Amino acid sequence: MPAAVLKMAENQAESAPGPEEKKRKLSGSGAEVQKAPAERSSFKLNSFSVEKILRESARDKTIFIHGKVGEDCGETQDAVVILEKTPFCEETLPQLLNKDADLRLQMKNDIYSTHHLYPLPAFNEIKTTVVYPATEKHIKKYLKQEMYLINETAGDYKTITSPYLQSQAFSVQWVYNILEKKAEVERIIYENPDPQDGFVLIPDFKWNQKQVDDLYLIAICQRRGVKSLRDLTAEHLSMLQNILQEGQVAISKRYNIPGSQLRIYLHYQPSYYHLHIHFTALSYDAPGSMVERAHLLSSVIENLQTNPEYYQKRTLTFALKADDPLLQKFKEAGKV
Ligand code: M7G
């Protein structure tokens, strides 16, 4: 057993937080969320000109924008910028509500009044994700469209999906960069280095790590060549069990969230075809956690224990966007 695994296993019994400890940590004194201001970005927002709003949601307070970069120097490239208002953080409430925050009255009626609060910029963050240069496929990924359900049989996977993926899937270079310690090294939360059954646990880039309410991490398996749920057999059980057990312990230790408050699942279809598992706070309505996409890791493990070829044999259902070329392939094959 690798050292990292042993160390975690030893500490497992003492790692689950009691309700009081959890309350204390979540109320702001201990949960290890990222606080340090990051370095300045080299991406120049003033060189980004908006082409199209791909999607926006008033409820989620997010907007997905397609734009061009470099129009001034004649070499334009596509970029996708995602803006998202972040949840409040109990730790920074005092600064948000202090005398330096500018509170303007909007209306007053009897005991009721509404206001505009303009906090100091440091406490008014907009989480910003940039994909640059973005491919046509990235732009489509974020474009709001009608969805269609596909029931993919084992045969469909072999004849339609798999050949399509070989030619069309997104690059997983960012995944290799994490595994090879070329990127996001300081963000790694836990690693089991075993090349067969190990994994790296790291905050998902959807999470700004400022508050645990929307906690989102991913476990990326060390092993290459396992593309998705479809590839899993009993041979992968020990890796999946490591991810489930060690991932929960690592999150409990670091963020004080017990395994019973985590949603741990795989996407099918994923966007990136190197096996990874999503860990999100159960109380957070995470994007991509709907039934037609999310497969609970605990159920995946049990299915494989019952039938080692479960995911090789089963029909798997997922939704595709109207202009997804894979949907076109299914249509051509008369399957939609
Ligand atoms: P997925 O199920 O393949 O696709 O999950 P989805 O993006 O449609 O959910 C991949 C996960 O990896 C997503 O939750 C992404 O937010 C996350 N992710 C993608 N990229 C490119 C990065 C990255 O560079 N770093 C980190 N930490 N997470 C990423």
Side-chain angles (χ1 to χ4, degrees), residues 33-34 38 41 43 54-55 57 60 62 64 79-84 86 127-135 137-145 147 161 165 168-191 199-210 214-221 224 226-232 243 247 250-251 254 262-281 284-297 300 311 316-321 324 326:
V33 290
Q34 194 191 339
S41 170
F43 185 78
L54 299 171
R55 182 169 16 133
S57 160
D60 298 337
T62 48
F64 298 73
V80 173
V81 171
I82 304 165
L83 304 177
E84 180 182 355
T86 54
K127 182 179 186 302
T128 306
T129 307
V130 176
V131 183
Y132 170 68
T135 64
K137 200 169 155 69
H138 287 109
I139 296 165
K140 283 189 176 155
K141 172 175 160 75
Y142 296 114
L143 185 66
K144 187 173 174 59
Q145 288 177 53
M147 305 290 291
T161 311
L165 293 179
Q168 297 293 323
F170 276 130
S171 160
V172 288
Q173 188 55 49
W174 67 272
V175 171
Y176 298 151
N177 288 347
I178 291 173
L179 295 177
E180 292 164 16
K181 312 286 161 58
K182 293 180 181 159
E184 304 190 44
V185 186
E186 69 297 341
R187 286 160 48 88
I188 293 176
I189 300 299
Y190 173 77
E191 177 170 17
F199 67 98
V200 169
L201 182 69
I202 195 161
D204 192 284
F205 80 171
K206 288 195 197 98
W207 185 37
N208 70 359
Q209 298 180 75
K210 292 264 170 74
D214 59 343
L215 174 137
Y216 201 142
L217 294 104
I218 41 171
I220 301 173
C221 73
R224 310 275 168 120
V226 189
K227 291 192 288 302
S228 74
L229 186 64
R230 265 288 181 215
D231 285 348
L232 293 176
I243 293 177
I251 289 176
R254 180 67 170 253
L262 292 173
R263 188 187 292 110
I264 307 170
Y265 55 98
L266 292 82
H267 278 160
Y268 193 77
Q269 301 281 339
S271 295
Y272 303 97
Y273 289 84
H274 174 107
L275 195 87
H276 55 274
I277 319 289
H278 302 251
F279 287 72
T280 62
Y284 171 51
D285 189 9
S289 53
M290 56 279 197
V291 289
E292 70 273 25
R293 193 158 188 223
H295 297 252
L296 283 179
L297 178 58
V300 171
Y311 291 102
L316 294 175
T317 301
F318 51 85
L320 290 177
K321 287 182 172 166
D324 192 315
L326 184 57

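Start at 1 and go down the list; that is how both ligands and their atoms are numbered. Because the structure is predicted, anything quoted here is derived from the model rather than measured.
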Could you tell me which atoms of ligand 1, counted from 1 in the order shown, lie closer than 4.0 angstrom to a heavy atom of Arg187? 27 (N)
Heavy atoms only: give me the nearest Arg224-Tyr176 pair and the separation to one decimal. NH1-CD2, 3.1 Å
Considering both backbone and side-chain atoms of Pro203, is one of its nitrogen or oxygen atoms within less than 3.5 Å of a nitrogen or oxygen in ligand 1? yes
Starting from atom 28 (N) of ligand 1, which protein heavy atom do you reach first, and at what distance in Å? Phe205 N, 3.3 Å
When distances are taken from atom 7 (O) of ligand 1, the protein heavy atom at minimum range is Lys141 NZ, 2.9 Å
So the atoms of ligand 1 within less than 4.0 Å of a heavy atom of Ile218 turn out to be 12 (O), 28 (N)
The closest protein heavy-atom partner of atom 23 (C) of ligand 1 is Trp174 CE3, 3.2 Å
Atom 1 (P) of ligand 1: nearest protein contact (heavy atom, Å): His276 NE2, 3.2 Å
What protein heavy atom sits nearest atom 25 (N) of ligand 1, and how far away is it? Glu184 OE2, 2.7 Å
I want to know whether Tyr216 and Phe279 have ring centres closer than 6.0 Å. no
Using only atom types and a distance under 3.5 Å, with no angle test, would you say the side chain of Arg55 pairs donor to acceptor with the backbone of Tyr142? yes
Can you say whether the rings of His278 and Tyr265 are parallel (under 30°), tilted (30 to 60°) or perpendicular (over 60°)? parallel
Shortest protein contact, atom 16 (O) of ligand 1 (heavy atom only): Asp204 OD1, 2.6 Å
Considering only NZ, NE, NH1 and NH2 on the basic side and carboxylate oxygens on the acidic side, decide whether Lys181 and Glu186 come within less than 4.0 Å. no
When the aromatic ring centroids of His274 and His276 are compared, is their separation below 6.0 Å? no
Testing the basics here: between Cys221 and Leu179, what is the closest heavy-atom pair and its distance to 0.1 Å? O-CD1, 3.6 Å
Please classify the Arg293 to ligand 1 contact at 4.0 Å (heavy-atom distances, strictly less than): side chain, backbone, both or neither. side chain
Heavy-atom nearest neighbour in the protein, as seen from atom 2 (O) of ligand 1, with distance rounded to 0.1 Å: His267 ND1, 2.5 Å
Note: Lys321 and Gln145 closest approach over all heavy atoms is CB-OE1, 3.7 Å
Nearest heavy atoms of Leu232 and Tyr311, plus distance in Å: O-CB, 4.0 Å
So is Tyr273 close enough to ligand 1, meaning a heavy atom under 4.0 angstrom away? no
Should one rank Ser228, Pro270, Ser271 by closest heavy-atom distance to atom 6 (P) of ligand 1, which comes out on top? Ser271
Side chain, backbone, both or neither: which part of Ala183 comes within less than 4.0 Å of ligand 1 when only heavy atoms are counted? neither
